[in-house]
2 protein chains.
Amino acid sequence: MEDIFQKIGTTQTLSQKIERNIERAIREKKLPIGAKLPSERELCEMFAVSRTALREALRRLSARGLIEIRKGSGMVVTKIDMKDAISSLNLYYDLKFDENLIGQIIELRLAFEPEIAKMAALNRTEEDLKNMEANLVEFAKCNPDNTQLESDIDNRFHLAVARATENPFVIVTMEPVHNLLPRMRNFIYANIEGEKEITLGYHKEIVNAIRERDAERAYDKMQAHLDRNMQVYNKFFKHS
Amino acid sequence: MEDIFQKIGTTQTLSQKIERNIERAIREKKLPIGAKLPSERELCEMFAVSRTALREALRRLSARGLIEIRKGSGMVVTKIDMKDAISSLNLYYDLKFDENLIGQIIELRLAFEPEIAKMAALNRTEEDLKNMEANLVEFAKCNPDNTQLESDIDNRFHLAVARATENPFVIVTMEPVHNLLPRMRNFIYANIEGEKEITLGYHKEIVNAIRERDAERAYDKMQAHLDRNMQVYNKFFKHS
DNA sequence: TTTAGGTATGATGGCATACAAATTGTAAAT
DNA sequence: ATTTACAATTTGTATGCCATCATACCTAAA
């Protein structure tokens with residue numbers, strides 16, 4: 001049956017039509033970033049709709065980050081921030097989170113992070129380097145009793161490396177992963193005595209390789225680091 | 001002074017507060033997926049707001065894919081589809097698209113796709129295998145004059161491999177990339193005579209490796225495939 | 001002249017009401 | 001028991017009104 005009859009009554013609501021209309025104008029750059037949209041009243045006339053329908057369309061657009069509505073001032077087309085794009089991803093993963101996803105996070109990190117380290121070595125800027133080096137200092141100074149903070153710094157190191165690739169696809173991929181890591185901690189029994197020094201050692205070697213733009217060494221060190229790290233993870237993983 | 005006076009004028013609008021409120025309920029699974037929300041009238045009473053403000057909050061939520069609003073029926077909490085999560089990514093990359101991004105796509109594919117092939121070899125289901133094999137047949141049958149279709153099938157092959165990883169992070173990463181590939185064609189001068197057979201040969205070898213769950217071979221073949229492919233890309237890339 | 005303060009204007013935010021349109025359930029009719 | 005018709009419920013759209021905020025302009029005092 002599905003092959004024969006296709007949907008006809010896609011009763012697209014009026015506000016949805018308006019939304020698509022404006023979205024198309026933005027996609028086609030007829031409304032460039034920073035452009036001020038006509039006022040609500042004017043748009044009402046242009047589309048020949050009520051203010052209610054129009055406003056609901058505008059709410060949708062602003063919820064998706066395409067426009068910014070400033071009370072008393074007007075509406076402008078905004079550059080979609082990477083944060084906006086990622087936020088819906090975060091929500092998606094957040095609701096999907098379970099032990100299965102944890103395994104897939106580990107799988108992903110083992111597979112991708114060495115490549116990411118390599119890419120970071122090739123593309124990193126001076127600022128990226130500073131961020132990573134600052135993280136090393138922070139890690140070294142961190143009170144070893146504060147396992148929460150220690151773990152957070154650790155996670156941020158890997159995110160800094162991902163950012164150092166300067167590749168938006170890599171960053172978009174790893175940001176949500178990073179946001180899930182704190183939740184993963186609840187599934188791990190404990191931190192291991194003496195792990196900190198080992199972790200810091202690896203981090204330093206990785207940064208050194210990235211500093212010298214030695215892609216292969218960055219790759220190898222990251223791989224060794226994660227292999228060891230994930231062994232610990234698996235050992236203390238709460239199998240239910 | 002900052003200690004004494006805290007901000008009052010949180011520019012957060014009423015409908016945004018309502019939005020966050022409902023979103024929180026959904027995140028905390030107090031409103032499980034499939035649950036029917038109270039009617040607008042009831043929600044208005046519960047939040048003690050007008051229907052306008054409430055509806056604008058609901059519009060926002062539906063635009064983000066959290067709820068589905070059915071006219072005449074009611075509103076239900078929906079499982080956020082991966083498509084929803086990806087759609088905002090697509091828009092983000094779409095507006096960001098330029099030659100710079102093309103280079104980053106190539107960089108990403110070279111770095112990740114071999115790893116993806118490895119992962120696919122380990123995780124692929126029978127259905128994944130069928131999809132990839134069907135793609136091979138389609139590619140072989142494709143009229144060589146139809147370069148548009150040929151290129152499309154090629155792209156879909158790589159997406160099928162990504163899907164075969166069964167890892168949502170990988171799929172979310174590669175789906176938007178796949179959506180950008182057609183636009184990249186406009187930056188390439190032409191297809192190369194005889195490339196089709198070579199491409200098909202690589203694809204077959206990759207599928208064979210994945211079929212036999214030979215991760216290392218899948219990795220190597222994909223790497224060799226992309227190395228060659230990208231050489232052609234770079235050669236015919238429209239440097240402006 | 002400069003500047004603090006007032007004011008007019010136009011923008012969005014929100015409220016209340018009314019009606020249209022779609023869906024669903026129910027009860028009557030066959 | 002099935003069908004039909006109708007009523008109730010729910011969302012969609014329209015309209016009018018006022019509140020609140022942002023901005024530009026004007027005015028009067030230093």
Side-chain angles (χ1 to χ4, degrees), chain A residues 5-23 25-26 31-78 84, chain B residues 1 5-23 25-26 31 33-78 84:
Chain A
F5 298 119
Q6 17 180 327
K7 264 189 208 160
I8 296 177
T10 50
T11 43
Q12 203 173 183
T13 70
L14 195 49
S15 67
Q16 280 172 325
K17 287 184 201 164
I18 302 171
E19 180 192 10
R20 304 258 178 275
N21 216 308
I22 299 178
E23 179 183 346
I26 295 176
L31 286 174
I33 291 169
K36 202 165 171 304
L37 275 80
S39 74
E40 291 182 353
R41 259 94 182 176
E42 288 173 288
L43 285 172
C44 285
E45 284 182 13
M46 292 165 65
F47 287 114
V49 295
S50 75
R51 213 176 141 225
T52 313
L54 177 76
R55 286 187 53 138
E56 296 191 348
L58 296 172
R59 291 300 169 280
R60 290 189 132 96
L61 290 168
S62 84
R64 295 170 51 204
L66 274 84
I67 66 174
E68 184 184 334
I69 305 176
R70 287 195 276 254
K71 179 176 176 180
S73 174
M75 301 170 291
V76 294
V77 181
T78 57
D84 290 328
Chain B
M1 284 292 268
F5 298 120
Q6 11 180 330
K7 259 189 210 163
I8 297 178
T10 54
T11 46
Q12 191 166 207
T13 156
L14 188 51
S15 64
Q16 279 172 326
K17 286 184 201 164
I18 302 171
E19 180 193 8
R20 304 255 180 279
N21 215 307
I22 299 178
E23 180 183 345
I26 294 176
L31 285 173
I33 291 169
K36 201 165 173 303
L37 275 81
S39 73
E40 290 183 353
R41 189 182 59 78
E42 290 173 287
L43 285 172
C44 285
E45 284 182 11
M46 292 165 66
F47 287 115
V49 296
S50 78
R51 219 179 135 213
T52 310
L54 177 73
R55 280 181 58 94
E56 294 189 349
L58 296 173
R59 292 285 97 72
R60 285 201 159 89
L61 291 169
S62 82
R64 294 170 51 203
L66 276 84
I67 66 174
E68 185 184 333
I69 305 177
R70 287 195 276 254
K71 179 174 175 181
S73 173
M75 301 169 291
V76 295
V77 180
T78 57
D84 291 328

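All values derive from a computational prediction rather than experimental measurement.
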I'd like to check the side chain to side chain donor-acceptor pair (under 3.5 Å) partners of [X]; sequence neighbours left out, ordered by chain and number.
| X | result |
| --- | --- |
| B:Arg60 | A:Ser62, B:Ser15 |
| A:Ser50 | none |
| B:Thr78 | none |
| B:Glu56 | A:Arg55, A:Arg59 |

- Item | All side-chain contact (heavy atoms from CB on, under 4.5 Å) counterparts of B:Ser73, not counting sequence neighbours |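 If we apply the side-chain contact (heavy atoms from CB on, under 4.5 Å) test to B:Ser73, skipping adjacent residues, the hits are B:Arg70.
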
Roughly how far apart are [X] [atom1] and [Y] [atom2], rounded to 0.5 Å?
| X | Y | atom1 | atom2 | value |
| --- | --- | --- | --- | --- |
| A:Gln12 | A:Arg20 | CD | CZ | 5.5 Å |
| B:Met46 | B:Asn21 | CE | CG | 9.0 Å |
| B:Ile67 | B:Leu58 | CD1 | CG | 4.5 Å |

- Item | Contacting residues from residues 58-72 of chain B, given that a heavy atom lies under 4.0 angstrom of DNA chain D |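 Per residue number, the list reads B:Arg59, B:Ile69, B:Arg70, B:Lys71, B:Gly72.
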
- Task: Identify, residue by residue, the members of residues 39-56 of chain A with a heavy atom below 4.0 Å from DNA chain D, and return them in order of residue number, or none.
- Result: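 Listed by number, they are A:Val49, A:Ser50, A:Arg51, A:Thr52, A:Ala53.
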
- Would you indicate whether the side-chain heavy atoms of B:Thr13 and A:Lys71 approach each other to under 4.5 Å?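 No. Closest side-chain heavy atoms not under 4.5 Å.
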
- Item | Segment of DNA chain C, first to last nucleotide, that comes within the 4.0 Å heavy-atom reach of chain B |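 On DNA chain C, the outermost contacted nucleotides are C:dG13 to C:dT23.
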
To check you understand the geometry: which heavy-atom pair defines the closest contact between [X] and [Y], and what is its length?
| X | Y | result |
| --- | --- | --- |
| B:Glu23 | B:Leu61 | CB-CD2, 4.3 Å |
| A:Gly65 | A:Asp84 | CA-OD2, 4.0 Å |
| A:Pro38 | A:Leu43 | O-CD1, 3.5 Å |

- Message: Can you measure A:Lys36 atom NZ to D:dT23 atom P for me and round it to whole angstrom units?
- Response: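 Going from A:Lys36 (NZ) to D:dT23 (P), I get 10 Å.
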
- Specify the angle, to 10°, made by the local axes at the two ends of the helix from C:dT1-D:dA30 to C:dT30-D:dA1 when five pairs are taken at each end.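 Result, rounded to 10 degrees: 0°.
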
Where do N or O atoms of nucleotides 3-5 of chain D meet protein N or O atoms at under 3.5 Å, pair by pair?
none

- Task: State whether a side-chain donor-acceptor pair under 3.5 Å links B:Ser39 with B:Glu42.
- Result: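 On atom types as modelled, these side chains qualify, holding a pair under 3.5 Å.
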
- Query: Who passes salt bridge (Lys or Arg N to Asp or Glu O under 4.0 Å) against B:Arg41, sequence neighbours left out?
  - Reply: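 Partners of B:Arg41 by the salt bridge (Lys or Arg N to Asp or Glu O under 4.0 Å) criterion, ordered by chain and then number, come out as B:Glu45.
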
- Give the C-alpha distance, both sets of side-chain angles, the deciding distance and a yes or no for side-chain contact (heavy atoms from CB on, under 4.5 Å) between A:Leu66 and A:Val77. CA-CA 6 Å; A:Leu66 274 84; A:Val77 181; over 6 Å; no

- Item | 5' precedence on DNA chain D between A:Leu14 and A:Ser73 (nearest-nucleotide basis) |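 Closer to the 5' end of DNA chain D: A:Leu14.
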
